[in-house]
Number of protein chains: 2
Amino acid sequence: MSTTIEAQEQVKEVFSRYLEQNNQRKTPERFAILNEVYESDDHFDVETLYLSMKEKNYRVSRATLYNTIELLLTCGLIRKHQFGQNQSFYEKSYFNKQHDHVILSDTGEVFEFCDPRIENIKKTIEEVFNVEVESHSLYFYAKKKQDLNQK
Amino acid sequence: MSTTIEAQEQVKEVFSRYLEQNNQRKTPERFAILNEVYESDDHFDVETLYLSMKEKNYRVSRATLYNTIELLLTCGLIRKHQFGQNQSFYEKSYFNKQHDHVILSDTGEVFEFCDPRIENIKKTIEEVFNVEVESHSLYFYAKKKQDLNQK
DNA sequence: CTCAATGCAAATCATTTGCACACCC
DNA sequence: GGGTGTGCAAATGATTTGCATTGAG
């Protein structure tokens with residue numbers, strides 16, 4: 001589901017507050033980018049974002065994209081992923097509970113899942129190493145199961 | 001522990017067999033690289049490997065390093081990691097059971113752990129998505145716990 | 001007005017590629 | 001000997017950076 005209008009407003013509010021509290025300027029570019037990010041639902045890379053904004057005749061430089069994405073990351077409005085080997089992927093993270101990913105190695109499809117048992121592992125880690133876990137990333141690389149009934 | 005002589009031999013044997021079966025040449029460079037990789041115990045990146053071989057007066061080009069590392073990956077003698085954002089890290093994986101990593105965000109230290117519960121999650125994933133999981137990667141990003149008794 | 005943010009182009013840096021030469025099979 | 005592997009240097013491609021200009025506060 002694409003983000004609703006009210007939700008969009010709420011997210012804008014969060015970003016706005018973040019910018020204020022950190023003495024960052026509220027430029028139109030930053031909000032345009034936030035908007036674009038929250039309008040779609042998929043994982044995206046910077047190039048795709050750049051092109052889709054250009055297509056809508058909203059020109060922002062790649063430099064600004066990278067800059068703004070950095071801000072959105074720090075204020076928790078998006079998450080970053082290393083799916084492939086080179087470029088990073090991102091996804092919006094507000095109204096969106098922490099989840100992990102299954103990646104199909106053949107097609108590149110990405111599924112999301114959420115398993116509470118990861119929390120238990122985390123707790124153990126914190127005790128064993130005497131650390132405070134701030135985040136985690138878990139990826140399963142898989143392939144579709146062979147259909148045994150096929151010709 | 002650094003790999004023992006007999007173990008080194010065994011690894012060499014594995015690589016040798018792999019090369020044969022895939023009609024790849026057994027060049028001295030390839031074995032020198034395998035050797036270098038198995039002589040140390042840490043996670044390493046390509047540049048470090050390059051420099052440490054150069055230091056021992058064994059000159060291989062970076063191109064050959066990347067090429068050989070690709071081979072070692074496919075035959076399962078090393079594993080690849082994306083710890084930071086840019087370059088990849090590797091570690092030898094023979095005689096070395098599958099494990100995951102805790103990364104301290106402040107110091108960059110890397111700990112290894114092995115939690116059997118990840119296997120259970122994996123099984124669930126396979127059932128839910130009807131896939132066959134080939135591998136996974138799990139990282140916890142953490143920071144050292146504040147010592148509450150300090151001044 | 002002032003300084004931080006933007007856009008552009010150039011710089012970076014890990015990795016890849018093209019090509020001439022070397023050497024494994 | 002023939003063709004794959006190597007080394008070198010140039011190419012690539014995502015991200016970063018420098019700098020002149022713009023515009024938010």
Side-chain angles (χ1 to χ4, degrees), chain A residues 12 15-37 43-75 78 80-90 108, chain B residues 12 15-37 43-54 56-75 78-90 108:
Chain A
K12 207 172 291 181
F15 193 34
S16 193
R17 214 173 309 144
Y18 170 80
L19 292 174
E20 273 170 33
Q21 294 176 349
N22 292 74
N23 291 315
Q24 298 273 348
R25 294 190 178 161
K26 301 183 187 176
T27 67
E29 287 83 358
R30 289 177 173 175
F31 285 97
I33 293 167
L34 175 66
N35 231 41
E36 187 64 29
V37 165
H43 303 94
F44 60 92
D45 56 29
V46 173
E47 194 57 20
T48 309
L49 190 58
Y50 177 75
L51 291 175
S52 75
M53 292 191 74
K54 184 189 238 177
E55 202 167 295
K56 295 177 183 172
N57 289 311
Y58 201 107
R59 281 182 164 286
V60 271
S61 69
R62 270 171 263 256
T64 303
L65 280 177
Y66 281 105
N67 171 2
T68 303
I69 280 178
E70 195 54 43
L71 292 173
L72 293 173
L73 275 174
T74 0
C75 74
I78 60 176
K80 184 176 194 167
H81 298 287
Q82 284 306 137
F83 289 145
Q85 227 41 238
N86 7 24
Q87 91 264 49
S88 298
F89 279 78
Y90 304 87
Chain B
K12 206 173 292 183
F15 193 34
S16 192
R17 213 173 311 143
Y18 170 80
L19 292 174
E20 274 171 30
Q21 293 176 350
N22 292 74
N23 292 313
Q24 299 272 350
R25 292 188 181 164
K26 301 183 187 178
T27 67
E29 287 84 357
R30 290 178 173 174
F31 285 96
I33 293 168
L34 175 67
N35 231 42
E36 187 63 28
V37 165
H43 304 97
F44 59 92
D45 56 28
V46 173
E47 194 57 20
T48 309
L49 190 58
Y50 176 74
L51 291 176
S52 75
M53 292 191 74
K54 184 189 239 176
K56 296 179 182 170
N57 289 312
Y58 200 108
R59 282 181 161 286
V60 271
S61 68
R62 271 172 262 258
T64 302
L65 280 177
Y66 280 107
N67 171 1
T68 303
I69 280 178
E70 194 54 43
L71 292 174
L72 292 174
L73 275 174
T74 358
C75 74
I78 61 177
R79 293 197 199 96
K80 184 176 195 168
H81 297 289
Q82 283 306 137
F83 289 146
Q85 227 40 238
N86 5 24
Q87 91 262 48
S88 299
F89 279 78
Y90 304 86

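Per chain, numbering begins at 1; letters A, B, ... match sequence-line order.
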- Task: Measure the angle between the two terminal helix axes of the helix from C:dC1-D:dG25 to C:dC25-D:dG1, five base pairs each, and quote it to 10°.
- Result: 30°
- Side-chain N,O (B:Y66) to OP1/OP2 (C:dT15) below 4.0 Å: yes
Taking only distance into account, with no hydrogens and no angle test, what donor-acceptor pairs under 3.5 Å do side-chain atoms of residues 28-37 of chain A form with protein atoms, sequence neighbours excluded?
unit_1: A:R30; atom_1: NH1; unit_2: A:Q24; atom_2: OE1; d: 3.4
unit_1: A:R30; atom_1: NH1; unit_2: A:R25; atom_2: O; d: 2.8
unit_1: A:E36; atom_1: OE1; unit_2: A:K56; atom_2: NZ; d: 3.1
unit_1: A:E36; atom_1: OE2; unit_2: A:S52; atom_2: OG; d: 3.1
unit_1: A:E36; atom_1: OE2; unit_2: A:K56; atom_2: NZ; d: 3.1

Gap between atom [atom2] of [Y] and atom [atom1] of [X] - 0.5 Å precision:
X	Y	atom1	atom2	answer
A:R59	A:Y50	CZ	OH	5.5 Å
B:H81	B:F44	NE2	CZ	10.0 Å
A:N22	A:T74	CG	OG1	8.0 Å

- Does some side-chain heavy atom of B:E47 sit less than 4.5 Å from a side-chain heavy atom of B:R62? yes
- Query: Do B:K26 and B:S16 have side chains that get closer than 4.5 Å, going by heavy atoms?
  - Reply: yes
[N] [atom2] sits how many Å from [X] [atom1], rounded?
X	N	atom1	atom2	value
B:I69	D:dG5	CD1	P	17 Å
A:Q82	D:dA14	CD	C1'	11 Å
B:F44	C:dA14	CZ	C1'	16 Å
B:E70	C:dA14	CD	P	18 Å
B:F31	C:dC23	CZ	P	17 Å
A:Q87	D:dT16	CD	P	13 Å

- Along DNA chain C (nearest heavy atom to each residue), the more 5'-positioned of B:K80 and B:P28: B:K80
- Message: For the backbone of B:V60 and the side chain of B:T64, can you confirm whether one donor and one acceptor N or O come within less than 3.5 Å of each other?
- Response: no
- Do nucleotides 1-13 of chain C as a string where each nucleotide becomes B, S or -: B if the base has a protein heavy atom under 4.0 Å, S if just the sugar-phosphate does, - if no protein is that close. --BBSSBB-----
- Task: State whether a side-chain donor-acceptor pair under 3.5 Å links B:D45 with B:T48.
- Result: yes
- Message: Taking the ring centre of each residue, are A:H43 and A:Y90 less than 6.0 Å apart?
- Response: no
